[in-house]
Amino acid sequence: MEYDFRKIEKERQRQWREQHAYRVSNNSNKPKYYVLDMFPYPSGAGLHVGHPLGYIASDIFSRFKRLQGFNVLHPMGYDAFGLPAEQYAIEHGVHPAISTDKNIDTFRKQLDNIGFCFDWEREIRTCQPNYYKWTQWIFLQLFNSFFNKHTQKATPIVELIASFAKEGNTLHVFPAAVNYQPAQFSADDWKGFSEKQQQEILMHYRLAFCGYGEVNWCEALGTVLANDEVVNGVSERGGHPVVKKKLRQWYLRITEYADRLLEGLERVEFSDSMKEMQTNWIGKSYGAEIDFEITGVPTTGQQLKVYTTRPDTIFGVDFMVIAPEHELINTITTAEQQTAVDEYCTYVKSRSERERQAEKKISGCFTGAYAINPFNGVKIPIWISEYVLAGYGTGAIMAVPCGDDRDFKFAQHFNIPITNILGDAFNGEEANATKDAKLHNSDFLNGVVMRDAITIVNQRLEQMGIGQSKVNFRMRDAAFSRQRYWGEPFPIQWKEGTAYPLAETELPLLLPEVDTYSPGPEGEGPLANIPEWVSKELETNTMPGYAGSSWYFLRYMDPHNDQTFCDRAVSDYWNQVDLYIGGTEHAVGHLLYSRMWTKALCDLGHIGFDEPFKRLLNQGMIQGSSRFVYRLKGTQEFVSYGLIKDFDTVDKLHVDVNMVDGIELDTAAFNKWKPDYAGANFQLEDGKYLCGSEVEKMSKSKFNTVNPDELVQKFGADTFRMYEMFLGPVEQSKPWDTKGIEGVHRFIKKLWRLFFDELKGRVWNEDAPNGAELKVLHKAIKKIQDDTERFSFNTAVSGFMICVNELADLKCYKRAILEPVLVLITPYAPHVAEALWEALGNTSSILDASFPVFDPAHVVESAKEYPVSINGKVRTNLLISLDATESTVQELVLANELVQKWVEGKPLKKFIFVKGRMINLVI
RNA sequence: GCCUUGGUGGUGGAACUGGUAGACACGCAGGACUUAAAAUCCUGUUUGCAGCAAUGCAAGUGCGGGUUCGAUUCCCGCCUGAGGCACCA
């Protein structure tokens, strides 16, 4: 009987489907375990081999936990709103719902091929009204809440209104990031405000709020562009100029949760690097805001507010730098500098924030104005430069060249004299950011260690009323609106410029049909093109992609509930996601947003936990190995890789990896590939056309994708699953290479042959196992259990191979050994395991078997072959009993002939014996 | 530019807390079975030097230093690949 994987896998999948083998109940006596994948965006390109990596890992872990007796929730769904579907709609006129459904069907077929244990009865799609109804509902919760600083919790806004009416805003001052005048008001003030004013004030407290923010604006296309759609300052489509434009936007007040987002990291099992990334993104810094008087300009009495983390360096300030968007530019620029400043600001406007930070070239412009150092009256020139960002701190810094690298380079570039406040710690060659030097040239701070000077300066500033210590966050409030069609509509209605929430009974606010997916007027989204929508004064923005993904893990628990987003009793049962698997590309976006939503929902009493993910595993990215051909500019001549150095101008073009064997191009296939290449002529080396290669993200546009369907068809799902795991550690990124898959396939066939011989048929028997066989089994149980638990799936696969190789060598065909081996392998290769399990005569599914229990008695060793080193070099091995004491071992070792030869009679300086490990002699 | 992360044979990788570097595979070479092929099985496979050979010696985990009896593992500096950087998902 042969291993017919196609038949086996089809049959098993049908059986599991019919038996609802993966249906999960919300009621169980078993302990619960929740394994979650980051759900996919169903792109039109379908799955490539990189996508299933994390799914296979989570599938293995889910099945493993199930065998260990847990009630495992392992759902899947689709993050279905997003830009690509809308782009496709613009280009092809196909409604995004239709193309999305089509893409989902493809995804589903591909996923099913691989044999995952998802409970598909819990599937969700973020674009469906019965799902986004609750996204809108949660948005309203955020809109109707504020962050109460005293309790550090989201609190219903009605409590804030009550407090305003009672004691003004003394109890609840404006959030730190808000700059509203008047900053304080009394109860009487509040009652005196108009409805519009009251709503305006409340908006500054709401957790979901409306404000103004900058977007990438493309005049030619009349639309707002994503960063992705902007390349080098022009639009990706058409290459039109893109500039910054201020538009009304919705935001989430995530900055209010900054401290709790930091604190929560201590209670979750994320990798240290992940925690570090989030910590850096939040970017909490302790510093001071300082007001400087401005002089040398027509309008007197103006002040420049800077934020600095190093107030101790105030005597080293040689110039000020403000962001090119800074408001003061209009009022402090002197007449002589006006032209230069205007030119500079226009130049900067076309540049992205990233470009501005990455730019090595130093640029800037003097405003003509000066600030006055409050401690010594020194006049400090005020410059504009793009390295200062408007969005961080106050958008203005005090530059201390001797202590800050960027300031130093700026000073050098513009020949600004540098004051040394560091004494010997500053060498004049480069800045020194130390906090431990003693201050020089610093008036009352001379001789004080910088670290200690920070508090002294802060105290002085506060006494003088010109500054205060301040905690700052790099993180900004999250932009929560898009000028797009394919997203959740906001349940918001505008009345005379004030936003009002729709009633819960009006949800879901359905996304209407449109005639055109083109942008609306004035940078508004396509919804602004619909007269009925506009006449009702409904919000025309839609929510961003991350809205639906910020809470989907809750919906899986209770996906069909139409009374609430998730029943509290159900979320109390499933609680946190025990294991969340996905890529690091979501490190700061999705993970922070969903953590914030969870905290807000918890604060408001809708769920009972405030961190969504207990443990996070980041699978690495499977990269594509791209191949390139080189075409002489303007010709049809293609030059082999080794020859390109002989030519000046060649175009480097991606070529489909499936036409390349190693790096050798199938030139005939290339000619047929695209009509353009039919007439291609090749300049060969050694009779071959060799391609260049590079490792890049796997993507259809780079022609480096490999389709899992073909591999499943050729080798089977079990082989495919194991091979993806065998490739390397899940957490590591690696380029895909199909080459090794045969090895895994051979392994499964070898496993099969322990049960069935091609000619003889059944070979397994009921004999009692011997010690050697039990040892192999229990070694494997331990290895597989340990490796699976620590997500070392690649070494677990190797463990299976070792186990099967050893059983084959022992000619062990005994049921008592083979049956537990099948259970071990079930999470990895479920189809073949179930088929052989049934062949052994079992009537219930192997999915519900019990994981074998490791018995150390079967694997004990009595002796160990110790490596014996002399001065750190291994010279021989000696078999020594594990019970031997150190002195016995030393005696044995020194008596050895080979050891004596290497020791050459020299005295022994040191004898190192690590029991069970090694022996080292130092002479 | 900033943040994170990787670099070990011809290839993917193993070595879990500083203790025999190269497990397990791929590929390659040789052999067995076969009319032949596929499949399967066996042997070898880090490099250099010496030897008919078993084997021996030396070097070796991106590069340069350091700590240690002992470093792929820890520390310092550098080179280099990948991912992210707020409207892609």
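First the proteins, then the strands, lettered A, B, ... as listed; each starts at 1. Side chains are part of it too, since the values below use all heavy atoms of this structure and drop only hydrogens, waters and symmetry mates.
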Next item on the list: Report the relative orientation of the aromatic rings in A:Tyr593 and A:Tyr546; use parallel for angles under 30°, tilted for 30 to 60°, perpendicular for over 60°.
Entry: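 Aromatic pair A:Tyr593/A:Tyr546 classed parallel.
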Check: Starting at the 5' end of RNA chain B, which residue's closest nucleotide do you reach first, A:Ile741 or A:Val922?
Finding: A:Ile741
Item checked: Of A:Arg746 and A:Asp737, the one whose closest RNA chain B nucleotide lies more 5' -> A:Asp737
Looking across every strand, which nucleic acid part, if any, lies under 4.0 Å from [X] by heavy atom: base, sugar-phosphate, or nothing?
{"X": "A:Arg406", "result": "nothing"}
{"X": "A:Asn871", "result": "nothing"}
{"X": "A:Trp902", "result": "sugar-phosphate"}

Next item on the list: Using only side-chain N and O atoms of A:Lys749, determine if any of them is under 4.0 Å from OP1 or OP2 of B:U40.
Entry: yes
Whole angstroms only, please: what is the [atom1]-[atom2] distance between [X] and [N]?
{"X": "A:His745", "N": "B:A39", "atom1": "NE2", "atom2": "P", "result": "10 Å"}
{"X": "A:Met801", "N": "B:C24", "atom1": "CE", "atom2": "C1'", "result": "7 Å"}
{"X": "A:Lys901", "N": "B:U55", "atom1": "NZ", "atom2": "C1'", "result": "11 Å"}

Notebook entry, point to check: What nucleotide among B:C26, B:U4, B:C24 has an atom nearest to a side-chain atom of A:Glu276?
Noted result: B:U4
Margin query: Taking the minimum atom-to-atom distance to the side chain of A:Lys734, which one of B:C3, B:U40, B:G13 wins?
Written below: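 Looking only at heavy atoms from C-beta outward on A:Lys734, the closest nucleotide is B:G13.
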Note to self: If the glycosidic angle sits within 90 degrees of zero it is syn, else anti. Tell me which applies to B:G12.
What the structure shows: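 In terms of base orientation relative to the sugar, B:G12 is anti.
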Check: What does nucleotides 81-89 of chain B look like as a protein-contact string, B for base, S for sugar-phosphate only, - for none, at under 4.0 angstrom between heavy atoms?
Finding: -SSSBBBBB
Nucleotides 14-20 of chain B: which of its N/O atoms have a protein N/O under 3.5 Å away?
{"from": "B:A14", "atom 1": "OP1", "to": "A:Asn794", "atom 2": "ND2", "distance (Å)": "2.8"}

